[in-house]
*Asks:* 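Provided herewith is a single structure, encoded as structure tokens, for subsequent inquiry.
Throughout, residue positions are numbered sequentially from 1 according to the sequence presented.
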Amino acid sequence: MKDYLKTYELWKSDPYFDEVSRAELAAVTDEKEIEDRFYKDLEFGTGGLRGVMGFGSNRMNIYTVRRASAGFAAFLREKYGDEACSRGVAVAWDVRNNSFSFAKETALTMAACGVKAYLFDVVSPTPLLSFAVRELGCVGGVVITASHNTREYNGYKAYDDTGCQLLIDDAEAVIARVEATEITSVIPMEMEEAKAKGLLTIIGPMLIDDYIDTVSDFMCPVSPKYRSAVKIVYTPIFGSGNLYVRRALAQAGFSNLSYVKEQEGPNGNFPGLKAPNPENPDAMQMGIEQAISVGAELVLGTDPDSDRIGIAVRRADGSFRLFTGAETGMMILHFLIENAGVSLPSNATVVSTVVTGLMAKDICEKHGIVYKEVLTGFKFIGDIMNQLEADPSKGSFLMGFEESYGYLTGGHARDKDAVSTAVVICCMAAFYRSRGLSLIDVLEWLYKEYGYHEVKVASYTLEGLDGAAKIKAITAGLRQKGTSLMPGIEKLEDFAEGINGLPKSDVLKYYLSDGSWMAVRPSGTEPKIKFYFNINAADKAQADEKFASLKALADELTA
């Protein structure tokens, strides 16, 4: 642990920090809060830099953003030399409070370091940033977002020259350069100077048009008649997907669309919501209520940076069923296989994560599709995509997805994409509608065909220095108990030792005698420890009973 009092005194007194920031700190009197603000520097995790906004080394603010940008720029200049300066970095931002301010500081710090910046001047989904890096030929990219976190958070996701989030080695190299950067030494360039020197270019609407053209160009296997017949309600949950999803769906022929005006946004306060996350039923509730009112059959909801998407589907009785992330993933996979038919490549490859579930693997095995598992974090899926692109003989990418509502079905990006997935989901709904089936009908058929698998997640928030220590104690205790943790464990995989050639990671996975499994991992982007459950059962009632027992164990371990 760093000497937080020394850092606290620096931030409180150095004139480098503006008066507003120092006044904020002067108003903080609680010792625990001071400790939490300064006991460490924000670190790159599975999703990059992420933290609560405020003044302090362990907070998201213009100073930590500048320092991160200077470190990233130093890494890029060392790796690419003069190419870093000429090819530059794309910078995007979402709807969160301070996002544009942080994006501007990022771009102008890059310029001050001699690295050209391409800056969006409109709210931009995360997948658009990945697309922009690839289209513009940049050496890297940054998007300012905290994805689905609560309103207090913001973040900084860093990308490589393929549009993929930084992998472990590169992230560690950037961290080393950030740590070597004295925070008070970073002075951003003035915007007009950066423009005059050719070190700052504003990204215009043409690239956005290209992105919309790309994501809406999915080979939908049904006529426009069926597409326009699907009645859809969309909620952007105050986020960046609003105009992008609506434009893409309209261009793909889905004209029977209404949106939740009360959640149109953009609004970084996310009023009325605990978290702007389509995984949470309350975030989808207004969309469902509107769908009931207008007689729609499908509800879509995207998170603030529009890389995650959730769906709800009308039942025969008029109520709505929320799909889990794993269920939506299985549905899309099955649809892609049916849609492709005999044209499915012989080496088609699906990539998912070690905590997503079992059914995807079963579907792939039945259809002769290569199934690969990676660690949590879409960057690992993007890495496999890059490997396949470099050597097509190793496989042809069909789809990548995570249980946490993230999917990608095209090669236009290297991150999950809710905009393109919205088009795919609506095509899927139209396709099965043309066959007289609802998405629920198809899901129930999948469960009959492959057995009932239910994927659930339980998250436990443990904040601050004490919380971080408790999370470490929990994982240490689990390793000590091993397979004696509970009856019925047949095998334990500790990913910290390296499993199946994957990078070492703080993940434990317990395989149970009934075919179920439980995995435990600390979050890389939030002060949480997460328990993942893949329940193998005869039906939902039995799955709920098994889950209740496993959840009780998780509650006890984190109490």
Side-chain angles (χ1 to χ4, degrees), residues 44-48 79 158-175 326 329 333 345-404 406-408 411 414-416 453 455 475 478-479 482-483 489-512 515-525 530-532 534:
F44 278 83
T46 57
K79 183 173 183 178
Y159 290 74
D160 65 19
D161 64 342
T162 72
C164 183
Q165 286 187 56
L166 296 184
L167 296 171
I168 292 171
D169 289 347
D170 280 352
E172 289 179 350
V174 172
I175 290 168
L333 172 57
S346 60
N347 60 354
T349 302
V350 170
V351 192
S352 192
T353 73
V354 296
V355 296
T356 292
L358 296 172
M359 193 188 292
K361 184 177 181 180
D362 294 342
I363 294 173
C364 288
E365 286 180 352
K366 178 178 179 179
H367 293 277
I369 294 170
V370 178
Y371 179 76
K372 293 181 178 290
E373 281 191 344
V374 295
L375 296 176
T376 302
F378 216 89
K379 62 187 177 184
F380 296 114
I381 295 175
D383 183 39
I384 296 293
M385 292 179 68
N386 286 333
Q387 292 177 34
L388 299 182
E389 185 178 67
D391 186 356
S393 68
K394 292 182 178 178
S396 174
F397 178 75
L398 179 65
M399 177 188 180
F401 74 104
E402 298 177 308
E403 52 72 37
S404 54
Y407 320 93
L408 182 67
R414 292 294 182 270
D415 210 337
K416 49 190 177 283
H453 299 284
V455 179
T475 56
L478 289 171
R479 287 188 168 90
T483 55
I489 298 175
E490 289 191 336
K491 183 175 72 169
L492 168 61
E493 287 183 337
D494 186 347
F495 286 77
E497 299 173 356
I499 299 291
N500 299 326
L502 298 176
K504 294 180 180 180
S505 182
D506 192 6
V507 179
L508 293 162
K509 192 170 183 180
Y510 301 84
Y511 293 86
L512 309 182
S516 303
W517 56 252
M518 177 180 80
V520 186
R521 65 176 281 269
S523 171
T525 57
K530 294 185 175 183
F531 289 72
Y532 301 81
N534 185 100

*Asks:* Where do V355 and W517 land on the side-chain contact (heavy atoms from CB on, under 4.5 Å) test, with the steps shown first?
*Replies:* CA-CA 9 Å; V355 296; W517 56 252; 4.3 Å; yes
*Asks:* Hey, what do you get for CD1 (I369) to CG (N347), rounding to the nearest 0.5 Å?
*Replies:* 11.0 Å
*Asks:* Do other residues, nucleotides or ligands put more than 12 heavy atoms under 6.0 Å from the NZ atom of K372?
*Replies:* no
*Asks:* Once rounded to the nearest 0.5 Å, what's the spacing between atom OG1 of T349 and atom CG of L398?
*Replies:* 8.5 Å
*Asks:* Less than 4.5 Å apart, side chain to side chain, heavy atoms only: is that true for T376 and V507?
*Replies:* no
*Asks:* Applying side-chain contact (heavy atoms from CB on, under 4.5 Å), run through V374 and V354 and close with a yes or a no.
*Replies:* CA-CA 6 Å; V374 295; V354 296; over 6 Å; no
*Asks:* Please report the interatomic distance CG(L408) to CD1(I381), rounded to the nearest 0.5 Å.
*Replies:* 8.5 Å
*Asks:* Determine which pairs satisfy salt bridge (charged side-chain N to carboxylate O under 4.0 Å, His left out) with at least one residue from residues 385-398, sequence neighbours left out, and list them in order.
*Replies:* R134-E389, E389-R414
*Asks:* Go through it in stages, so that I can follow the logic: the residues are M518 and F531, the test is side-chain contact (heavy atoms from CB on, under 4.5 Å), and I'd like the CA-CA distance, side-chain angles, deciding distance and then a yes or no.
*Replies:* CA-CA 7 Å; M518 177 180 80; F531 289 72; 4.2 Å; yes
*Asks:* Given the rule in the side-chain contact (heavy atoms from CB on, under 4.5 Å) test, do E365 and Y371 qualify, once you have shown the distances and angles that lead to the verdict?
*Replies:* CA-CA 8 Å; E365 286 180 352; Y371 179 76; over 6 Å; no
*Asks:* Under the side chain to side chain donor-acceptor pair (under 3.5 Å) rule, what pairs show up with a residue in residues 495-506, not counting sequence neighbours?
*Replies:* R479-D506
*Asks:* Tell me, do R521 and L508 make a side-chain contact under 4.5 Å, heavy atoms counted?
*Replies:* no
*Asks:* Could you name each residue pair satisfying side chain to side chain donor-acceptor pair (under 3.5 Å) that touches residues 354-364, not counting sequence neighbours?
*Replies:* S352-T356, T353-T356
*Asks:* Is the shortest heavy-atom distance from the side chain of P503 to the side chain of L375 under 4.5 Å?
*Replies:* yes
*Asks:* Roughly how far, to the nearest 0.5 Å, is the OH atom of Y407 from the CZ atom of F378?
*Replies:* 10.5 Å
*Asks:* Looking only at heavy atoms, which two atoms of S396 and P345 are closest? And how far apart?
*Replies:* OG-CG, 3.8 Å
*Asks:* NZ/K379 to CG/L166 distance, rounded to the nearest 0.5 angstrom?
*Replies:* 7.5 Å
*Asks:* Please determine, by modelled atom types, if Y511 and E493 share a side-chain donor-acceptor pair under 3.5 angstrom.
*Replies:* yes
*Asks:* Is there side-chain contact between K79 and D170, with heavy atoms separated by less than 4.5 Å?
*Replies:* yes
*Asks:* Any sub-3.5 Å donor-acceptor pair from K416's side-chain atoms to F401's backbone N or O?
*Replies:* no
*Asks:* Can a donor-acceptor pair be found between the side chains of T162 and N386 at a distance below 3.5 Å?
*Replies:* yes
*Asks:* Going from CG on L502 to CZ on F380, what distance comes out if it is rounded to the nearest 0.5 angstrom?
*Replies:* 8.5 Å
*Asks:* Over all heavy atoms of both residues, which pair between S523 and K530 is shortest? Give the atoms and the distance, please.
*Replies:* CB-CE, 4.4 Å
